[in-house]
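To start, the structure under review is shown below, and the notes come after it.
Please read these numbers as outputs of a predicted model, since none were measured by experiment.
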Amino acid sequence: MSSDHQPLDEMPSPMPVALSKYSKRVLLKTILDRPDGGLGLLDQRVVVGGWVKSSREVRKDPPPPTTQPPAAVGGDHTKEHTGGKDVKCVEVFQSRIPFLRTIIKVFGGNTGHTKEKLESIFPKQPPPSISFLQISDGSSVISLQIMVDSSIAPSTLLMPTGTCILAEGVLQKPSLQGKHTIELKAEKLLHIGIVDQDNYPLSKKSLPLARLRDCAHFRPRTTTVASVMRVRNALNHASHTFFQNQGFVHVEVPILTATETEGLSKKFKIFTVSGKEVKREEPVSMDDTADISLETVKLSIIEKSKKIEELKRSDSNKEALDAAVHDLHKTNALAAELEARSKSKSKSKSESHKKTESFKTYDEFFTNRAFLTTSGSLHLESCASALGNVYALGPRFHVDKSDSKKYLPERWMIETEIAFAELEDVMNCAEDFLKFVSHSVSENCYENLYFLSKRVDKTLIDRLQSMTSASFEKITYDTAVEVLNKVTDKTFETKIQWGVALTEEHESYLVDEFYKKPVIIHDHPKELKPFNVRLNDDGKTVASFDVIVPKVGALIRGSQKEERLNHLTKRIKELGLRKDQYEWYLDLRKQGTVKHSGFSVTFDVMVLFATGLNDVRDVIPFPRQHGKLHN
């Protein structure tokens, strides 16, 4: 007689948890992110590693005292029999120390000196305890509790926040009541990376995000920043998946460009610095510093030293303090030089001397000037004219000295170009892209989004889900201006009129208050868009579009490119651009031109949209901003 139920002793044992292929350990997410929280893995032996997030020490109850029978006369002088166990001579002696101290005290001995002697021979051992460590390895938003007995490693070594451990043990139900569903009872520690608590910035609890920016190399160890990085990774993966699924070819566009005026914005220029210092000699008169008094310089040193002390006491920003210290070093060097020259004035003032000057050489590596690119769209157009649909993801650079919370000098962009596509086609592609990545990150990164919704923005999950289901409102620039001009219940800081670029305030009103959904604004005045956007039949507007979404405003900007050589040449001339820098670009219109369209996504702003954070510096692993380039 067959049965669908197997006897318990015949039930298959649970499959062992999979090891990480390249590190011979178990990733915590394979334990903690299971539907059962890891309970199905009870009694399995695993090796896990991570960094201590928090810790707790529990003292173990001391063993009950036992009566020690006297040693047998003539017995073994190295052991004492107690309750059927062998006790070492040292342990017997330790047990007699209180008795010895009493005798010494009675006979008036120096108990303090004797105590020091005894403790130097037999140091006092810390009471036995158990350390409960919450560790994270970066694979999950949830931490794993590890129980470590003090006989394996002292708690003082393990408990500091940031300590790295690699532990081998058995998974079991938690020993303490709490939120954890499973813990690891450590039987062996394979690695301990200790922490200098005085110099470890994360030793302090709950540092604000603004403070964490000063230690970007450590901040991914915080739960919030780690969650943001995992969401960023999920968005990156979803972006590639969307384009690959749609048959796009991924292209790496160059970071260095020879086009000086590309994008009509300031650019970073590239040059090489010789690693060697070149020395040259030139005649210098001893009187070339006659107008600089040594005493004046010394007084200046005193004043600058006082300023540095004031900056230290006022807890001023590090940049101001560094600048003051650097200035003091330069002044000290000048004083030393003046003293040296003063000693050499025994010769005639009219006598010329040689001085050796060290300097570094700056060379042009290329035959023409090179710049960091502000956009890869021109090169993508070249690839689209051969490969069809292409996209790129990488850093772009703008000389931006503002304190913008959305844009930094180094920003990551997704750019696309689609051959044979017109404006309506590329707008549909942009809408589908945003819906796809929003749905993907909601499904594949839910635990991190849930954590961020509790800590940062309660509306972020609903916002992502509404992005997936909502239909985007498409309006022309003319319609947007008309709607904004009819607003009577609020006053905008920038007065709206035709030909003026819409501000974040205008865009926010259209998305959040008027349409209450994502909005695509298209057909802008030609003066507001780059030279290569296709001119519309009215001669005043171009085939461009911006996708405006809640919270962050403009997330995608795109256009249909100008494929007509005469129109493109005219626009280059109107804007005063150097035609010789665009000859290769104009060649695409001379040789097999095609209608094509594309768009660019500010990837960092998309991470802001998905995480609910407000400052782009908190969603980039190592942000670069004006005045700061530390690591």
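In terms of modelled atom types and a separation under 3.5 Å, the side chain of N485 and the main chain of V481 share a donor-acceptor contact. In this structure, the side chain of T222 engages the main chain of R219 through a donor-acceptor pair within 3.5 Å. A donor-acceptor pair under 3.5 Å is formed between the side chain of T593 and the backbone N or O of E563. Judged by distance alone, with hydrogens and angles left aside, the side-chain atoms of H506 form a donor-acceptor pair with the main-chain N or O of T503 at under 3.5 Å. One N or O on the side chain of N536 and one on the backbone of V542 form a donor-acceptor pair closer than 3.5 Å. With K406 contributing its side chain and V552 its backbone, the two residues share a donor-acceptor pair below 3.5 Å. Of the possible donor and acceptor atoms, none in the side chain of K53 sits under 3.5 Å from a partner among the backbone N and O of G162. Between the side chain of D457 and the backbone N or O of S453 there is no donor-acceptor pair closer than 3.5 Å. At least one donor-acceptor pair under 3.5 Å links the side chain of Q560 to the backbone N or O of L423. At distances below 3.5 Å, not a single donor-acceptor pair connects side-chain atoms of H180 with backbone N or O atoms of Q134.
Annotation: cation-pi geometry satisfied between R463 and F609 (NZ/CZ under 6.0 angstrom from ring centroid, within 45° of ring axis). Taking the ring axis of Y22 as reference, the NZ or CZ atom of R25 does not stay both within 45° of it and closer than 6.0 Å to the ring centre.
Taking the six-membered ring for Trp and the full ring otherwise, F622 and H217 have centroids separated by 6.0 Å or more. Note: H596 and F420 fail the aromatic proximity criterion, with ring centroids not under 6.0 Å apart.
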Walk me through whether N614 and K551 qualify under side-chain contact (heavy atoms from CB on, under 4.5 Å). CA-CA 9 Å; N614 296 315; K551 184 175 176 62; 2.8 Å; yes
Run the numbers on N245 and T241 for side chain to side chain donor-acceptor pair (under 3.5 Å), then give the verdict. CA-CA 6 Å; N245 289 348; T241 301; 5.7 Å; no
Test side-chain contact (heavy atoms from CB on, under 4.5 Å) applied to L613 and L209, step by step: CA-CA 10 Å; L613 291 169; L209 289 171; 3.7 Å; yes
Would you please test F132 and L176 for side-chain contact (heavy atoms from CB on, under 4.5 Å) and show each step? CA-CA 9 Å; F132 291 90; L176 301 176; 3.6 Å; yes
Tell me, with the steps shown, if S377 and S375 meet side chain to side chain donor-acceptor pair (under 3.5 Å). CA-CA 6 Å; S377 65; S375 171; 3.1 Å; yes
Run the side-chain contact (heavy atoms from CB on, under 4.5 Å) check on V500 and E527 step by step: do they pass? CA-CA 9 Å; V500 173; E527 291 79 10; over 6 Å; no
Would you check, one step at a time, whether the test side chain to side chain donor-acceptor pair (under 3.5 Å) holds for D538 with T541? CA-CA 7 Å; D538 59 12; T541 62; 2.8 Å; yes
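With no hydrogens or angles considered, no side-chain donor-acceptor pair links Y582 and N532 at under 3.5 Å. Of the N and O atoms on the side chains of S23 and S20, at least one donor lies less than 3.5 Å from an acceptor on the other residue. At a cut-off of 3.5 Å, with distance as the only test, a side-chain donor of D33 or S140 sits close to an acceptor on the other residue. Counting only N and O atoms by type, the side chains of Q246 and Y391 include no donor and acceptor under 3.5 Å apart.
In this structure, CD1 in I255 is found 5.0 Å from CZ in F397, a value given to the nearest 0.5 Å. Here the CZ-OG1 distance, from R455 to T223, works out to 6.5 Å after rounding to the nearest 0.5 Å. We find the CZ-OG distance between F492 and S508 to be 9.0 Å, quoted to the nearest 0.5 Å. The line from CD of E473 to CZ of F514 is 9.0 Å long, rounded to the nearest 0.5 Å. Rounding to the nearest 0.5 Å places CD of E504 at 11.0 Å from CD of E493. Separation of atoms CG (D137) and NZ (K29) is listed at 9.0 Å; rounding is to 0.5 Å.
Taking both residues in full, the closest heavy atoms of P623 and L408 are given as CB-CD1, 3.7 Å, listed atom of the first, atom of the second, then distance. The nearest pair of heavy atoms linking V487 to D489 is CG1-OD1, 3.3 Å. For the residue pair I475 and A480, the shortest heavy atom distance occurs at CD1-CB, 3.9 Å. Contact record, L235 with S239: O-OG, 2.8 Å, taken as the closest heavy-atom pair. Between I165 and I146, the closest heavy-atom pair is CD1-CD1, 3.9 Å. Nearest approach of T468 to H439, heavy atoms of both residues: OG1-N, 3.5 Å.
For K517 and D512, the salt-bridge test fails: no basic side-chain N is under 4.0 Å from an acidic carboxylate O. D36 has a carboxylate O that lies under 4.0 Å from a charged side-chain N of R34, or vice versa, which qualifies the two as a salt bridge. A salt bridge is defined here as a Lys NZ or Arg NE, NH1 or NH2 lying under 4.0 Å from an Asp or Glu carboxylate O, and R589 with E381 meets this definition. At a threshold of 4.0 Å, the pair R411-D604 does not count as salt-bridged, since none of the basic side-chain nitrogens sits closer than that to a carboxylate oxygen. Under the 4.0 Å criterion applied to side-chain N and carboxylate O atoms, R230 and E447 are not assigned as salt-bridge partners.
When each of N448, L32, T224 is paired with V141, the side-chain contact (heavy atoms from CB on, under 4.5 Å) condition holds for N448 and for no other. The salt bridge (charged side-chain N to carboxylate O under 4.0 Å, His left out) test with K595 is passed by exactly one of E422, E417, E562: E422.
In this structure the side chain of I418 reaches within 4.5 angstrom of the side chain of C429, judged on heavy atoms. Counting heavy atoms from C-beta on, the side chains of F545 and I556 come closer than 4.5 Å. The shortest side-chain heavy-atom distance between Y477 and S544 does not fall under the 4.5 Å cut-off. Looking at V456 and T611, their side chains never come closer than 4.5 Å, going by heavy atoms from C-beta outward. Side-chain contact between V228 and V607 is present, with heavy atoms from C-beta onward closer than 4.5 Å. Considering only heavy atoms from C-beta on, S559 stays 4.5 Å or farther from K529 through its side chain. Looking only at side-chain heavy atoms (C-beta outward), L171 and D43 stay at 4.5 Å or farther from each other. Two residues are said to be in side-chain contact when any heavy atoms from C-beta on lie closer than 4.5 Å; V547 and I521 fail this criterion.
The number of heavy atoms from other shown groups lying within 6.0 Å of CZ (R564) is above 12. Around atom NZ of K495, no more than 12 heavy atoms belonging to other residues, nucleotides or ligands sit under 6.0 Å away. Within 6.0 Å of atom CG in D537, 12 or fewer heavy atoms from other residues, nucleotides or ligands are found, so the atom counts as exposed in its surroundings. A 6.0 Å sphere centred on NE2 of H237 holds no more than 12 heavy atoms belonging to other residues, nucleotides or ligands.
Between F243 and F599, the ring planes lie tilted relative to each other; the angle falls in the 30° to 60° range. Using cut-offs of 30° and 60° on the angle between ring planes, the pair F242 and F436 is tilted.
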